[in-house]
Participant: 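A single structure is presented below for examination.
Atoms considered below: every heavy atom in the structure, side chains included; atoms not considered: hydrogens, waters and symmetry mates. Atoms within each ligand, like the ligands themselves, are counted from 1 in listed order.
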Amino acid sequence: MKDPFREAAILLKHSRFTTAFTGAGISVESGIPSFRGEGGLWNKYDPKVLDLQYFLEDPSGSWTVIKEIFYDFFNAALPNKAHLVLARMEREGMLGRIITQNIDNLHQEAGSGMVFEFHGNTKNLRCLHCHRSYKAGQISLDHFPPTCRECGGILKPDFVFFGEAIPQLPLAAAYEAASLSDVFLIIGTTGEVMPANQIPVMAKQYGAKIIEVNPEPSNYTTEITDIFLQGKATSIMEKIERLLFPES
Ligand code: NAD
């Protein structure tokens, strides 16, 4: 019987351009819960706090929950082995791009450079009135809602809320990656969030081989996945690393 890990490593070694497409699952072992599934954030919080309309109607109420989830939780997290292996693959010329749905900055903290954040990043806040941008650390989150030092407008985390458009740059980078890639490595996503979930499907249509890492089957597994590596991101990526870089 064929060994899926060896098959995946061969594909990755021979690929001219590989893209990693990551979701909340890759950061679960860094201590950040996913939205859905067991232990998911939506079991505890109401997703409406990330609805743009709700935020505009009650910015203080939204901010109270947003701070707890995205600033108290996320700030304590560190990149895990799966983030680190992707960064190494990029350094060694085996990974062209990361398209992430995550907003936790952990790919960059792991050392990855070519990261395109489909849904923005928690590390920046933007003024809804004058559009000035701030680093999250520059702004006190002791009083809600935080406001702009220049114009007093309300600051919103600069990640994509329900009802907001995807930023142009990551959208273009994702479409391009789908058309360029020989291999798409999907890690830790259910594939439920539109329109991000269409990117691997496009890649498949352009001819990419799809390798998927997830402890559970996802929307992709039976539809487009060529090699399903079932398990947690850190242990699977550790095995992949040993096969890609056997000398170290
Ligand atoms: P999701 O919450 O819908 O699904 C998480 C997926 O990860 C599931 O398929 C689950 O089986 C898998 N998973 C769980 N533990 C894993 C592990 N140890 N290793 C690998 N996979 C594991 O997540 P999604 O599909 O990314 O979509 C949700 C949206 O949530 C995204 O748009 C993202 O912006 C946002 N989100 C981001 C973060 C973050 O930045 N870390 C956290 C929560 C949600």
Side-chain angles (χ1 to χ4, degrees), residues 20-52 65-66 68-86 98-110 112 115-124 136 157-167 170-171 174 184-201 210-225 228-240:
F21 179 79
T22 63
I26 195 172
S27 297
V28 164
E29 291 165 89
S30 290
I32 300 180
S34 60
F35 278 170
R36 297 172 190 77
E38 207 189 315
L41 290 166
W42 296 155
N43 297 329
K44 183 171 173 198
Y45 301 99
D46 189 334
K48 75 179 179 196
V49 294
L50 296 190
D51 184 286
L52 184 62
V65 181
I66 285 169
E68 189 176 325
I69 303 177
F70 295 102
Y71 294 92
D72 298 346
F73 249 144
F74 280 35
N75 276 350
L78 294 172
N80 64 45
K81 185 69 184 173
H83 298 103
L84 294 170
V85 173
L86 291 181
I98 296 175
I99 308 294
T100 188
Q101 298 169 84
N102 293 346
I103 53 180
D104 56 23
N105 211 47
L106 291 184
H107 285 302
Q108 292 90 329
E109 287 172 34
S112 290
V115 183
F116 294 88
E117 296 164 309
F118 214 81
H119 294 150
N121 191 315
T122 53
K123 301 290 171 190
N124 303 316
D158 206 6
F159 56 80
V160 176
F161 279 35
F162 301 122
E164 280 190 299
I166 305 301
L171 191 63
F184 239 62
L185 175 59
I186 304 175
I187 307 177
T189 172
T190 48
E192 280 183 22
V193 177
M194 290 272 283
N197 62 358
Q198 292 308 303
I199 302 301
V201 178
I210 310 291
I211 302 169
E212 184 184 4
V213 177
N214 201 313
E216 306 292 336
S218 74
N219 289 348
Y220 297 120
T221 314
T222 54
E223 297 297 319
I224 62 166
T225 298
F228 183 48
L229 303 176
Q230 187 158 17
K232 293 184 176 180
T234 55
S235 58
I236 301 282
M237 291 309 291
E238 208 164 359
K239 278 189 194 169
I240 291 286

Participant: Counting only heavy atoms closer than 4.0 Å, does ligand 1 sit against the backbone of S218, its side chain, both, or neither?
Facilitator: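 Answer for S218: neither.
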Participant: For atom 26 (O) of ligand 1, find the nearest protein heavy atom and state the residue, atom name and distance (0.1 Å precision).
Facilitator: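 Checked against all protein heavy atoms, atom 26 (O) of ligand 1 sits closest to A24 N, 2.8 Å.
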Participant: Checking a contact table here: which protein heavy atom is nearest atom 7 (O) of ligand 1, and how many Å away?
Facilitator: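 Nearest neighbour among protein heavy atoms for atom 7 (O) of ligand 1, to 0.1 Å: G25 CA, 3.1 Å.
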Participant: Are any of the side-chain heavy atoms of F184 and I224 separated by less than 4.5 Å?
Facilitator: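 The answer is no; the side chains never approach within 4.5 Å.
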Participant: What heavy-atom pair brings M194 and N197 nearest, and what distance separates the two atoms?
Facilitator: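 Looks like SD-OD1, 3.4 Å.
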Participant: With a 4.0 Å cut-off, would you call E68 and K44 a salt bridge?
Facilitator: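 The answer is yes: the pair qualifies as a salt bridge.
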Participant: Is the closest side-chain donor-acceptor distance between D104 and S27 under 3.5 Å?
Facilitator: yes
Participant: I need the nearest protein heavy-atom contact for atom 19 (N) of ligand 1: residue, atom name and distance, please.
Facilitator: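 Ranking protein heavy atoms by distance from atom 19 (N) of ligand 1, first comes A233 N, 2.9 Å.
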Participant: Does the N or O separation between T189 and ligand 1 drop below 3.5 Å for any pair?
Facilitator: yes
Participant: Hey, looking at atom 22 (C) of ligand 1, which of P215, A77, S27 has the closest heavy atom?
Facilitator: P215
Participant: Where does the angle between the aromatic ring planes of F70 and F159 fall among parallel (under 30°), tilted (30 to 60°) and perpendicular (over 60°)?
Facilitator: tilted
Participant: Which option, M237, H119, E29, owns the non-hydrogen atom nearest atom 32 (O) of ligand 1?
Facilitator: H119
Participant: Please determine whether any non-hydrogen atom of G40 lies less than 4.0 Å from an atom of ligand 1.
Facilitator: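 For ligand 1, residue contact (heavy atoms, under 4.0 Å) with G40 is absent.
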Participant: Quick one: does any side-chain atom of Y45 pair with a main-chain N or O of F35 as donor and acceptor, under 3.5 Å?
Facilitator: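 The answer is no, because no donor-acceptor pair under 3.5 Å joins these two groups.
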Participant: For ligand 1, indicate whether the residue I103 contacts it via side chain, backbone, both or neither (heavy-atom separation under 4.0 Å).
Facilitator: both
Participant: Keeping the roles fixed (side chain from S30, backbone from I32), state whether a donor-acceptor pair exists under 3.5 Å.
Facilitator: no
Participant: Which residue and atom name correspond to the protein heavy atom nearest atom 28 (C) of ligand 1, and how close is it?
Facilitator: R36 NH1, 3.3 Å
Participant: Any atom of ligand 1 sitting under 4.0 Å from a heavy atom of P33?
Facilitator: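 So P33 counts as touching ligand 1.
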Participant: Starting from atom 33 (C) of ligand 1, find the nearest protein heavy-atom neighbour and note its residue, name and distance.
Facilitator: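 Nearest protein contact, heavy atoms only, for atom 33 (C) of ligand 1 is Q101 O, 3.0 Å.
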Participant: Would you kindly specify which portion of I32 sits under 4.0 Å from ligand 1, judged on non-hydrogen atoms: side chain, backbone, both or neither?
Facilitator: side chain
Participant: Taking G25's backbone N and O only, do any of them form a donor-acceptor pair with S34's side chain (distance below 3.5 Å, no angle check)?
Facilitator: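 No, the answer is negative, given that no donor and acceptor are paired below the 3.5 Å cut-off.
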Participant: Which atoms form the tightest heavy-atom contact between I98 and S112, and what is the distance?
Facilitator: CD1-OG, 3.4 Å
Participant: Got the closest protein heavy atom to atom 4 (O) of ligand 1, with its distance?
Facilitator: T190 CG2, 3.3 Å
Participant: To check you understand the geometry: which heavy-atom pair defines the closest contact between E29 and A233, and what is its length?
Facilitator: OE2-N, 3.3 Å
Participant: How far is atom 10 (C) of ligand 1 from its nearest protein heavy atom, and which residue and atom name does that atom have?
Facilitator: N214 OD1, 3.5 Å
Participant: May I have the step-by-step check of side-chain contact (heavy atoms from CB on, under 4.5 Å) for L229 and I240, ending in yes or no?
Facilitator: CA-CA 10 Å; L229 303 176; I240 291 286; 3.9 Å; yes
Participant: Measure the distance from atom 37 (C) of ligand 1 to every protein heavy atom, then report the residue, atom name and distance (to 0.1 Å) of the closest one.
Facilitator: N102 OD1, 3.7 Å
Participant: Quick check on contacts: which atoms of ligand 1 are under 4.0 angstrom from a heavy atom of G23?
Facilitator: 26 (O)
Participant: If you measure from each non-hydrogen atom of K232 to ligand 1, which part falls under 4.0 Å: side chain, backbone, both or neither?
Facilitator: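 It is both backbone and side chain that touch ligand 1.
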Participant: Which one of F118, F70, F35 has a non-hydrogen atom at the shortest distance from atom 30 (O) of ligand 1?
Facilitator: F35
Participant: Using modelled atom types only, decide if a donor and an acceptor are shared between the side chain of N80 and the backbone of I26 within a distance under 3.5 Å.
Facilitator: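 Yes: the side chain of N80 pairs with the backbone of I26.
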